[in-house]
Amino acid sequence: SPKHKYYKEINEVIAEHIKYAAKLDIDNTWELIHDEGEMKVFKREMEEDGMVVDPLKAVHTVKGITGHEVCHYFWNPDVRMEWEGTLESAQVLDWFSEDTCVCYQIHKKVWPTTQREALFWTQIRHVPNEDEDEDGPDYWIVCNYSIPDHDKCPEKTKNIRAIMNVAMICETVVEPPQSDRNITRENITCKIQYHANVNPGGWAPASVLRAVYKREYPKFLKRFTQYVMDQTKDKPIMF
Ligand SMILES: O=S(=O)(CCO)c1ccc(-c2ccc(C3CCCC3)c([C@@H]3C[C@@H]3c3ccccn3)c2)cc1
C-alpha cells in the first residue's frame with residue numbers, strides 16, 4: 001500500500017525499541033518494584049511538568065508459548081478487551097496495513113484521577129536475526145505509540161488523553177534444539193521484555209500514580225501472559 005502518513009515514524013520507533021532491547025542493560029538506575037517468579041518489573045522515577053512519567057521495564061520468561069504468540073495476542077485488537085482488565089472500551093479507527101492499525105481506547109477511571117483515554121497506532125513485526133549472524137536475536141515486537149489526532153476519533157470527551165510509547169519485545173528459545181518438525185510446547189520458552197512510557201497527559205497525584213503503576217503493571221503482565229497460555233495450549237505452535 002502507498003506509504004501512509006506514519007510510515008517513517010513507525011520504522012524509527014520500532015528500530016529504537018529493537019536497539020534498546022538488544023542492550024537490555026538493567027543498571028542501577030532501574031528500581032525493582034516487583035519480583036515474582038520469572039517476572040521482574042522495574043521503574044525509573046521521572047517527572048515532566050510536575051507529572052509522573054516513570055518509564056517502566058519488565059522482563060519475564062514464560063514456558064510453553066512463543067514470541068510470535070505473545071505478540072499476536074498483545075497486538076490483536078479483536079481480543080484486547082478479553083485480557084486488558086483496565087479498559088472500559090477499545091476500538092479500531094483505521095488500518096494502515098494488515099499489521100498496523102489505529103486504536104482508540106478508554107481506560108477505566110482510577111480514583112481519584114480523571115479518566116484517561118488513548119489514541120495510538122499499533123504494529124506487529126517480526127525482526128529476524130541478521131542473515132550473516134544466524135545466532136543473532138530473532139524478535140517479535142508489538143509497539144503501541146500515541147498519535148495526536150485522527151479524523152474518526154471522538155472529539156471533546158471528558159477524558160484526559162494519555163500519551164504512550166509501549167513495546168512488547170519477545171524472543172523464543174527452543175531447548176533442546178530440534179528441527180521445526182517435532183518441537184512441542186515443552187521445548188519452547190518465551191523471553192519477554194515489556195517497555196512502557198506512559199505520560200498521564202494531565203496532573204495526577206504522584207503518590208497515587210506510583211501506587212497505581214506498582215499495582216497495575218505486574219497484574220496486567222500476569223493476566224496477559226496467563227491469557228496467552230490459555231489461548232494457545234491446545235493449538236498448533238505459532239513460530
Ligand atoms: O501495554 S498497553 O499498550 C496495552 C494496551 O492497553 C498499555 C498499558 C497501560 C496503559 C496505561 C494508560 C494509562 C494509565 C494511567 C495514567 C493515569 C491513570 C491511568 C496507566 C497506568 C499505569 C497504570 C496501568 C498499568 C497497566 C494497566 C493499566 N493501567 C497505564 C496504556 C497502554
Side-chain angles (χ1 to χ4, degrees), residues 10 13-14 17 21 31 33-34 36 39 41-60 70-93 100-125 140-147 153 157-170 192-228:
I10 291 174
V13 170
I14 295 246
H17 277 295
E31 177 191 339
I33 58 170
H34 187 88
E36 181 184 354
M39 183 200 295
V41 184
F42 303 85
K43 74 169 182 184
R44 275 193 185 134
E45 296 214 344
M46 273 172 68
E47 303 198 3
E48 268 170 31
D49 312 327
M51 287 186 302
V52 166
V53 292
D54 297 359
L56 185 117
K57 179 196 283 221
V59 290
H60 197 5
V70 169
C71 286
H72 171 76
Y73 288 102
F74 184 72
W75 172 82
N76 184 354
D78 294 344
V79 300
R80 179 81 33 85
M81 293 300 285
E82 289 178 27
W83 56 266
E84 238 280 38
T86 68
L87 293 185
E88 186 179 284
S89 67
Q91 60 189 105
V92 173
L93 300 185
T100 312
C101 64
V102 174
C103 293
Y104 172 74
Q105 59 187 35
I106 299 175
H107 280 254
K108 288 174 182 168
K109 184 169 167 50
V110 173
W111 186 88
T113 68
T114 307
Q115 191 160 19
R116 258 63 181 187
E117 64 178 39
L119 173 69
F120 55 95
W121 53 255
T122 179
Q123 181 173 92
I124 182 169
R125 187 185 296 190
W140 276 90
I141 177 170
V142 174
C143 186
N144 296 340
Y145 192 84
S146 289
I147 57 176
C153 188
T157 67
K158 62 189 184 320
N159 311 319
I160 294 182
R161 182 72 60 80
I163 300 149
M164 64 171 152
N165 177 0
V166 173
M168 180 77 76
I169 305 158
C170 299
I192 299 170
Q193 289 186 59
Y194 173 76
H195 302 159
N197 295 284
V198 174
N199 181 321
W203 188 82
S207 56
V208 167
L209 271 191
R210 288 190 167 126
V212 171
Y213 281 37
K214 188 176 171 71
R215 184 184 71 236
E216 291 299 331
Y217 276 116
K219 199 163 87 176
F220 146 73
L221 288 164
K222 251 175 97 170
R223 175 173 168 159
F224 169 67
T225 49
Q226 185 57 55
Y227 173 79
V228 177

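Counting starts at 1 for both ligands and their atoms, in listed order. From a predicted model like this one, the values you see are computed outputs, not experimental measurements.
In the model, T86 has a side-chain atom that pairs as donor or acceptor with a side-chain atom of E84 under 3.5 Å. Side chains of S89 and Q105: no donor on one and acceptor on the other come within 3.5 Å. For the residue pair E88 / Q115, a side-chain donor-acceptor distance below 3.5 Å is found, with atom types taken as modelled.
Of all heavy-atom pairs spanning R116 and P200, the tightest one is NE-O, 2.7 Å. Annotation for K43 and I33: closest pair CG-CG2, 3.7 Å, computed over non-hydrogen atoms. Contact record, M168 with C71: O-SG, 3.9 Å, taken as the closest heavy-atom pair.
Residue H107 has no N or O atom closer than 3.5 Å to an N or O atom of ligand 1. Between T113 and ligand 1, no N or O atom pair is found at a separation short of 3.5 Å.
Remark: minimum distance from atom 32 (C) of ligand 1 to any protein heavy atom is reached at M164 SD, 3.2 Å. V198 CG1, 4.4 Å is the protein heavy atom nearest to atom 20 (C) of ligand 1. Nearest to atom 24 (C) of ligand 1 among the protein's heavy atoms is E216 CB, 3.5 Å. Protein heavy atom in closest approach to atom 17 (C) of ligand 1: L209 CD2, 3.6 Å. Nearest protein heavy-atom contact of atom 19 (C) of ligand 1 is V110 CG2, 4.1 Å. At the shortest separation from atom 3 (O) of ligand 1 among protein heavy atoms lies N144 ND2, 2.9 Å. Given atom 28 (C) of ligand 1, the protein heavy atom at minimum distance is T86 OG1, 3.2 Å. Among protein heavy atoms, the minimum distance from atom 23 (C) of ligand 1 is reached at V212 CG1, 3.7 Å.
If you check each of Y194, W111, Y213 against atom 2 (S) of ligand 1, the one with the closest non-hydrogen atom is Y194.
Aromatic ring orientation, W83 versus F220: tilted (interplanar angle from 30° to 60°). Ring geometry for Y217 versus Y213: interplanar angle over 60°, hence perpendicular rather than tilted (30 to 60°). Classification of the Y194-F74 ring pair by plane angle, with boundaries at 30° and 60°, yields perpendicular.
Here is the list of ligand 1 atoms found below 4.0 Å of a heavy atom in F220: 1 (O). If you number the atoms of ligand 1 from 1 as listed, the ones under 4.0 Å from a heavy atom of V166 come out as 1 (O), 3 (O). For ligand 1, the atoms lying closer than 4.0 Å to a non-hydrogen atom of R116 are 17 (C). Atoms of ligand 1 lying under 4.0 Å from any heavy atom of E84, numbered from 1 in the order shown and given with element: 4 (C), 5 (C), 6 (O).
Contacts with ligand 1 closer than 4.0 Å are made by side-chain heavy atoms of Q105 only, the backbone lying farther away.
For atom 15 (C) of ligand 1, no protein heavy-atom neighbour is found at a distance under 4.0 Å.
Residue F120 places no heavy atom under 4.0 Å from ligand 1.
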Note to self: Assess the residue pair E82 and R80 against the criterion (salt bridge (charged side-chain N to carboxylate O under 4.0 Å, His left out)); give the C-alpha distance rounded to whole Å, side-chain angles, the decisive distance to 0.1 Å, and a yes or no.
What the structure shows: CA-CA 5 Å; E82 289 178 27; R80 179 81 33 85; over 6 Å; no
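With respect to the salt-bridge test (charged N to carboxylate O, under 4.0 angstrom), the residues D54 and R210 qualify.
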